[in-house]
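Only one structure is covered here, and it is reproduced in the block below.
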Amino acid sequence: MANQEDIFRKVISHAKEYGYVVQSSEIYDGLSAVYDYLQNGAELKKNIREYWWQAMVQMNENIVGIDSAIFMHPTIWKASGHVDAFNDPLIDNKDSKKRYRADVLVEDHVAKIEAKIEKEVNKAAKRFGEAFDKEQFLATNTRVVEYQERSQTILKRLARSLEKEDLEDVKNLIVELDIVCPVSGSKNWTDVKQFNLMFGTKLGASADSAMDLYLRPETAQGIFVNFLNVQKSSRLKIPFGIAQTGKAFRNEIVARQFIFRMREFEQMEMQFFIRPGTQKEWYETWKKIRMNWHLSLGMGEEKYRFHDHEKLAHYADAAADIEFKFPFGFKELEGIHSRTDFDLGSHEKFSGKKLQYFDPELEESYVPYVVETSIGLDRMFLAVLSNALVEEELENGSTRTVLKIPAVLAPTKAAVLPLVKKDGLPEIAHKIIADLRLDFNVIYDEKDAVGRRYRRQDAAGTPFCITVDHQTLEDNTVTIRHRDTMEQKRIAIKDITSAIEKEVAMKYWLQKLAVD
Ligand code: ATP
């Protein structure tokens, strides 16, 4: 079996070969951690955004969506804490001259210990077979217990030191754990320093009147500063939410792992404004709602887990990540944060404007509390793409490459293929396309033998192939082939739209959310 690194490399090359994602400015040797989405990538990204937006905004009476500007008044980033605290601790290796995030070095070390735990669990599961009780094993196996304690101790110390900004202790931790630079293999480290992740730019033409700005590092602040504008114009009552999708920019120290960590990326965020004191319930509720959204896509329950934060950001009183099993392990995909009244309260102070809500039931005004859900669109894209890529062994001994993208998200919903390029078959295929196009994104393909065309569509992630053959001329039926099962059925041309719609229409997927 291919190892995880090989699988990840395949995902990256497949993304390029099939028109999903490439490095930005490639012909100039690329720009580090910046990527371009090509024809299929742009569609997949748009569909993920749309599925999120509809689940949030369209399906909830009390959530509305906005689109605020990327440029914002610079004082906003003072108020939000980003100017002072949006830092990552960096460390350099003096031999390789490579730069690392100090906390990530420690976390990677812990991940290795956790991988050992997983190995022990798998070994024991094999040994004990059906009788295996994972919980009991984790609680009693001395080696595993020791591993767990060791990783907990390390993570706690890291969290404590970062919270106190004790960078010397972060360095000591790296030294004590004998962490070496993956490039030079040496332990010749510099001290740990803080590095602010915001990109600066200037607004205005003349040098003396130009204003220093930042490119927004998150979309959330555009929601906070518009909280009253939206509340007043919508007359929404608390609890209510404001959603937004859009670009964010972070000058990440280490930008690795393809589109997992980018310098320019897109977020999908929702701030839910609530009565102070109700944050615990809403936090739990939103954790559930968001996990359901992920599960509705059918990528497998075992691919997700919650991770509660040890170290809380300056604004939060509770925080959890939804982690996804990427080819390089479980990593953060989405954050759910209970942000208290930190942001609105702080904007009140810095702007001198009241940002309060008059609660008609309580007959009093207050600064609302906020529970936020924040997911990276590009990370979600990577989750979908990496999970979808499968090399399948077929019964006849050959293999096929399939992108099993959830049908609702697939860039192209169907390909229409005339069996041959003559006898009037292309004309019928074009007519079918003209009809289907009104509902779905579809393509026409007549090049190569039909078997090769099927494979091409499988690899591009197209859920259906519609083949027009000589029988079509006689009885107006076509073959519809299903990407995942490869099952082929004959159906009437007039039934194609409904056959496709049943599997790809967003409404059927959204219904699953409503039932849950
Ligand atoms: P990380 O710990 O991975 O740096 P974070 O905790 O700083 O992420 P948040 O500030 O909570 O992330 O941002 C919310 C979401 O935005 C993340 O869950 C992730 O999906 C996405 N995100 C954050 N930074 C990046 C990035 N550099 N590239 C792509 N997506 C990102």
Side-chain angles (χ1 to χ4, degrees), residues 21 23-24 31-35 37 45 48-49 52 77 80-82 85-90 100-108 110-111 155 158-159 162 195-199 215-224 243-271 286-287 290-291 293-294 304-316 318-324 326 328-339 342-343 370-386:
V21 185
Q23 192 167 30
S24 158
L31 195 59
S32 158
V34 187
Y35 290 87
Y37 288 83
K45 199 171 164 197
I48 296 173
R49 192 192 296 112
W52 181 89
W77 306 111
S80 68
H82 283 81
F86 194 52
N87 302 317
D88 274 343
L90 68 81
Y100 298 91
R101 252 174 75 175
D103 53 336
V104 172
L105 281 181
V106 176
E107 279 162 9
D108 284 351
V110 169
L155 287 178
L158 176 69
L162 288 174
F195 175 76
N196 193 287
L197 299 185
M198 284 196 293
F199 284 102
L215 296 183
R216 67 179 178 196
E218 63 174 29
T219 59
Q221 296 305 322
I223 294 178
F224 288 123
Q244 145 150 271
T245 72
K247 286 269 168 121
F249 304 83
R250 296 181 186 180
N251 200 0
E252 299 281 359
I253 299 172
V254 193
R256 279 179 299 165
Q257 293 164 328
F258 195 37
I259 54 173
F260 181 81
R261 189 174 299 289
M262 303 156 90
R263 298 209 163 99
E264 172 181 343
F265 60 102
E266 195 165 333
Q267 289 187 313
M268 307 193 285
E269 298 198 293
M270 194 280 301
Q271 314 292 319
W286 277 106
K287 275 171 72 175
R290 291 306 302 148
M291 186 59 104
W293 182 85
H294 287 284
Y304 302 88
R305 70 180 189 196
F306 280 113
H307 167 79
D308 293 318
H309 282 204
E310 289 277 340
K311 175 192 174 230
L312 292 175
H314 59 277
Y315 53 74
D321 297 335
I322 294 178
E323 293 187 337
F324 184 80
F326 289 97
F328 38 84
F330 272 104
K331 291 272 181 237
E332 170 176 348
L333 170 60
E334 170 158 8
I336 292 120
H337 310 129
S338 173
R339 289 180 83 125
F342 173 82
D343 302 85
V370 169
V371 170
E372 143 186 281
T373 74
S374 173
I375 174 170
L377 175 50
D378 314 83
R379 263 191 211 179
M380 184 63 197
F381 184 109
L382 182 59
V384 171
L385 194 73
S386 59

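Counting starts at 1 for both ligands and their atoms, following the listed order. Remember, it's a predicted structure, so these values are computed and weren't measured experimentally.
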Checking heavy atoms under 4.0 Å, the part of R261 that sits near ligand 1 is both

Only one of F260, Y37, F258 passes ring-ring contact (aromatic ring centres under 6.0 Å, His included) with F381; say which it is.
Y37

I need the atoms of ligand 1 closer than 4.0 Å to a non-hydrogen atom of E252, numbered in the order shown.
24 (N), 26 (C), 27 (N)

Where the closest heavy atom to atom 18 (O) of ligand 1 is concerned, which of E323, E372, E332 has it?
E332

Applying a heavy-atom cut-off of 4.0 Å, say which part of R101 lies close to ligand 1: side chain, backbone, both or neither.
side chain

Close-contact set for ligand 1 against S374 heavy atoms, below 4.0 Å:
13 (O), 14 (C), 15 (C), 18 (O)

Within the structure, does M262 bring an N/O atom to less than 3.5 angstrom of an N/O atom in ligand 1?
yes

Quick one about H82 and Q221 (side-chain donor to acceptor, distance below 3.5 Å, no hydrogens or angles considered), yes or no?
no

Check this for me - ligand 1, L333, N or O atoms closer than 3.5 angstrom, yes or no?
yes

Would a distance-only check, ignoring hydrogens and angles, find a side-chain to backbone donor-acceptor pair under 3.5 Å from E372 to R339?
no

Should E218 be listed as contacting ligand 1, given a heavy-atom distance under 4.0 Å as the test?
no

Can you list the ligand 1 atoms lying under 4.0 Å from a non-hydrogen atom of F260?
28 (N), 29 (C), 30 (N)

Would you say R250 and R261 make side-chain contact, with heavy atoms under 4.5 Å?
no

As an exercise, identify every atom of ligand 1 less than 4.0 angstrom from a heavy atom of E334.
18 (O)

Looking at ligand 1, would K331 count as a contact under a 4.0 Å heavy-atom criterion?
no

Would F265 count as being in polar contact with ligand 1, using the rule that some N or O on each side must be under 3.5 angstrom apart?
no

Can we say R216 and E269 salt-bridge, meaning some charged N sits less than 4.0 Å from an Asp/Glu carboxylate O?
no

For ligand 1, find out whether one of its N or O atoms is nearer than 3.5 Å to an N or O atom of R250.
yes

